[in-house]
Amino acid sequence: MADPEKLRAQLADAGLNDIQIDTETWEMEFQSATHLWDVVVNSNPIAVALVADLSREQITEVQDILTPNSVNGPGRAAPQS
């Protein structure tokens, strides 16, 4: 959750009282960019909606950008052809 206080305010505005929000963090390890992609788009309906219109080529490009030590390197876009 990006902003627990914003959630608290929205719950209070909805008439709820005695609101307690606990935040947790944990580490996750992914075997590959494809594994990360599969976890995100199969567990989060918002992510599914955001990527619904991507082509297979665009998905591959995103996965390549996320892959450490790829030709494009992490965070680098593939060269435009």
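What you are looking at is a predicted structure, and each value in this text was computed from that prediction instead of being measured.
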Original post:
Side chains of Ile59 and Arg56: does their closest heavy-atom pair fall under 4.5 Å?
Top reply: yes

Subject >> Expected output: side-chain Asn44 to main-chain Val40 donor-acceptor under 3.5 Å >> reply: no

Original post:
Rounded to the nearest 0.5 Å, what separation is found between the CD atom of Gln20 and the CG atom of Leu11?
Top reply: 12.5 Å

Subject >> Asp13 atom CG: more than 12 heavy-atom contacts under 6.0 Å >> reply: yes

**OP:** Of all the heavy-atom pairs spanning Phe30 and His35, show the shortest one and how long it is.
**Re:** CA-ND1, 3.5 Å

**OP:** Sort out for me which residue in Leu66, Thr60, Asp64, Ile65 forms a side chain to side chain contact (heavy atoms under 4.5 Å, CB included) with Val62.
**Re:** Leu66

**OP:** Decide if atom CD1 of Ile46 counts as having more than 12 heavy atoms of other residues, nucleotides or ligands within a radius under 6.0 Å.
**Re:** no

Original post:
Taking all non-hydrogen atoms of both residues, which atom of Arg8 and which atom of Ile19 are closest, and how far apart?
Top reply: NH1-O, 3.0 Å

**OP:** Show your working on side-chain contact (heavy atoms from CB on, under 4.5 Å) between Leu7 and Asp3 and close with a plain yes or no.
**Re:** CA-CA 7 Å; Leu7 176 60; Asp3 188 348; over 6 Å; no

**OP:** Mind listing the closest non-hydrogen atom pair of Ile21 and Pro4 along with its distance?
**Re:** CD1-O, 3.3 Å

